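Read through the structure below, which is laid out as structure tokens, and then see the notes.
Every value quoted in this text rests on a predicted model; they were computed, and no experiment measured them. If you read the sequence from its start, that first residue is 1, and numbering goes on from there.
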Amino acid sequence: MAPRFNFLLHAFLCLALATTSFSSSPNFYDNLCPQALPAIKRIVEAAVHREPRMGASLLRLHFHDCFVNGCDGSLLLDSTSAFETEKNARGNFNSVRGFEVVDQIKAEVDRVCGRPVVSCADILAVAARDSVLALGGPRWKVRLGRRDSTTASRALADSVLPSASMDLPALISNFKNQGLNTRDLVALSGGHTIGLSQCVIFRNRIYNATNIDPAFAKERRATCPRTGGNTNLAPFDPTPARFDTAYFKNLVKERGLLTSDQALFSGGSTDKLVETYSKNLDAFWVNFGKSMIKMGNIKPLTRNQGQIRVNCKKVN
């Protein structure tokens, strides 16, 4: 009876593992490859040290991946005869960056693990967290075990990625469609406390908005002319390489860089939360971590769905 009991026990444990909720697996790689997460952290820290802007770029990759049919690494896929890459979508074209760092991470993780066991989708999620950490921000437990998609959709990316020109009702609706609430909207928008934006994205606001500090508009116009200079960069707040509350302090002063930034503090339902975050770093950090976990749990592929890509740019 002992062999039969052992067999049944083994089968039960396998079934239990197979049915474990994705959301309960922050230690997914502890046994599969304990070297994986330290390897990701090393490469992210080195990349952000070389170029602090890369931290914001890696955070944005995870955000833009999750909003298009879930956190499945679809943003990383190049075009094929079957689909056009999401990199060409309006919200991504000539804008999303950091793919070379993702490729470097993938190569190193597969090397230390001895085989491809870490998905590209999980790499994006962990790299986003480690980027925030590298720029002095909070730590949160990244839930792991995602698998990679075998397709991508530029059309879907065009329709679901939030636009820099959105007002508050449009932003709330956009995030609600992803299962995210108003608190998530404000907290995740706080990711703009790091990084830079291109002139073409914020030009209309600095020349035409009425809810903008005149001195701030003048300052931004100095490097963003009415015509030309589309790729000229400006920081979202005065400390683009530090994950702090300066972004929210700017909004209270009507110094939001994008229309969608200032929409969060414009006499609407999110004003109070912006004020809270502007004064309370701990509150911002706690809610940002919670919202990142929630966003990272949007429609993940798990178990036998999808695949673990060998090359993040293409389907196996």
Side-chain angles (χ1 to χ4, degrees), residues 40 43-44 47 51 53-110 116 118-131 146-166 174-175 177-178 180 188 191-192 195-201 230-231 233 258 260 292 295-302 305-316:
I40 296 174
I43 294 174
V44 168
E51 183 195 12
R53 181 189 175 199
M54 185 56 67
S57 299
L58 293 172
L59 175 61
R60 189 163 181 252
L61 283 180
H62 181 45
F63 178 87
H64 281 221
D65 180 46
C66 289
F67 263 55
V68 184
N69 207 32
C71 310
D72 60 2
S74 60
L75 174 57
L76 303 175
L77 289 171
D78 287 340
S79 293
T80 69
S81 58
F83 57 81
E84 183 178 0
T85 178
E86 292 169 17
K87 299 170 189 176
N88 290 344
R90 282 189 299 270
N92 292 331
F93 188 67
N94 285 336
S95 176
V96 287
R97 59 194 296 276
F99 299 106
E100 71 283 358
V101 177
V102 175
D103 291 340
Q104 185 184 356
I105 293 170
K106 177 64 172 168
E108 177 62 11
V109 167
D110 286 358
V118 181
S119 68
C120 302
D122 273 353
I123 286 174
L124 289 182
V126 176
R129 189 271 311 278
D130 290 348
S131 293
R146 300 169 190 79
R147 289 169 65 85
D148 298 321
S149 70
T150 55
T151 189
S153 175
R154 176 192 170 171
L156 183 60
D158 275 334
S159 68
V160 301
L161 287 175
S163 162
S165 62
M166 282 183 171
N174 181 276
F175 275 62
N177 289 339
Q178 300 290 349
L180 301 171
L188 292 173
H192 282 178
L196 311 168
S197 183
Q198 297 181 29
C199 166
V200 67
I201 305 298
N230 281 355
T231 59
L233 298 170
L258 309 183
S260 56
M292 285 296 293
M295 183 185 77
N297 205 25
I298 297 174
K299 294 172 63 176
L301 300 174
T302 58
Q305 299 171 312
Q307 60 183 214
I308 305 296
R309 286 187 216 136
V310 176
N311 181 338
C312 290
K313 294 179 180 177
K314 59 184 182 181
V315 176
N316 295 347

Step by step, work out the side-chain contact (heavy atoms from CB on, under 4.5 Å) result for Asn92 and Leu161. CA-CA 9 Å; Asn92 292 331; Leu161 287 175; 3.6 Å; yes

Roughly how far, to the nearest 0.5 Å, is the CG atom of Leu76 from the CD atom of Glu86? 9.0 Å

Between Phe67 and Phe175, how do the two ring planes meet: parallel, tilted or perpendicular, split at 30° and 60°? perpendicular

Hey, are the side chains of Phe93 and Lys87 touching, using non-hydrogen atoms and a 4.5 Å cut-off? no

Restricting to non-hydrogen atoms, name the atom on Leu258 and the atom on Ala164 that form the minimum distance, rounded to 0.1 Å. CD1-CB, 3.9 Å

I need the Asn297 CG to Cys71 SG distance, nearest 0.5 Å. 7.5 Å

Please step through side-chain contact (heavy atoms from CB on, under 4.5 Å) for the pair Met54 and Val101, ending with a clear verdict. CA-CA 9 Å; Met54 185 56 67; Val101 177; 3.9 Å; yes

Does any part of the side chain of Thr231, heavy atoms only, come nearer than 4.5 Å to the side chain of Val200, both counted from C-beta? no

Would you indicate whether the side-chain heavy atoms of Val160 and Asn177 approach each other to under 4.5 Å? no

Check Ser74 against Asp65 and note the closest heavy-atom contact, atom names and distance. N-OD1, 3.0 Å

What one should report as the nearest heavy-atom pair of Ser165 and Ser163 is OG-OG, 2.8 Å

To the closest 0.5 Å, what do you measure between CE (Met292) and SG (Cys66)? 7.5 Å

Do you know the tightest heavy-atom contact between Gly73 and Leu124? CA-CD1, 4.4 Å

Gap between atom OG of Ser119 and atom CG of Asp72 - 0.5 Å precision: 9.5 Å

One pair to check against side-chain contact (heavy atoms from CB on, under 4.5 Å): Leu75 and Val68. What are the steps and the verdict? CA-CA 8 Å; Leu75 174 57; Val68 184; over 6 Å; no

Under 3.5 Å: donor-acceptor pair, side chain of Glu84, backbone of Arg154: no

Got a second to check how far Thr302's OG1 is from Lys299's NZ, nearest 0.5 Å? 13.0 Å

Only residue of Asp122, Leu301, Val118 satisfying side-chain contact (heavy atoms from CB on, under 4.5 Å) with Arg146 is Asp122

Check: Asp158 side chain, Arg90 main-chain N or O, donor-acceptor pair, under 3.5 Å: yes

Could you tell me the separation between the CG atom of Leu196 and the CZ atom of Arg53, rounded to the nearest 0.5 Å? 5.5 Å

Residue pair Ala56 / Gly195: nearest heavy atoms and the distance that separates them: CB-CA, 3.5 Å

Do Asn316 side-chain atoms and Ile308 backbone N/O form a donor-acceptor pair below 3.5 Å? yes

Name all residues meeting the ring-ring contact (aromatic ring centres under 6.0 Å, His included) criterion together with Phe99; count only those two or more places apart in sequence or in a different chain, and write none if there are none. none

Whether Thr85 side chain and Asn88 backbone form a donor-acceptor pair below 3.5 Å: no

Looking only at heavy atoms, what is the nearest atom pair of Ser95 and Arg60, with distance? OG-NH1, 2.7 Å

Not counting sequence neighbours, list each pair that qualifies as a salt bridge (Lys or Arg N to Asp or Glu O under 4.0 Å) and has a residue in residues 93-109. Arg42-Glu108, Glu51-Arg97, Asp103-Lys313, Lys106-Asp110, Glu108-Arg111

Results of ring-ring contact (aromatic ring centres under 6.0 Å, His included) for Phe83 - residues two or more places apart only: none

Run the side-chain contact (heavy atoms from CB on, under 4.5 Å) check on Leu77 and Arg309 step by step: do they pass? CA-CA 10 Å; Leu77 289 171; Arg309 286 187 216 136; 3.5 Å; yes

Do Arg129 and His62 have side chains that get closer than 4.5 Å, going by heavy atoms? no

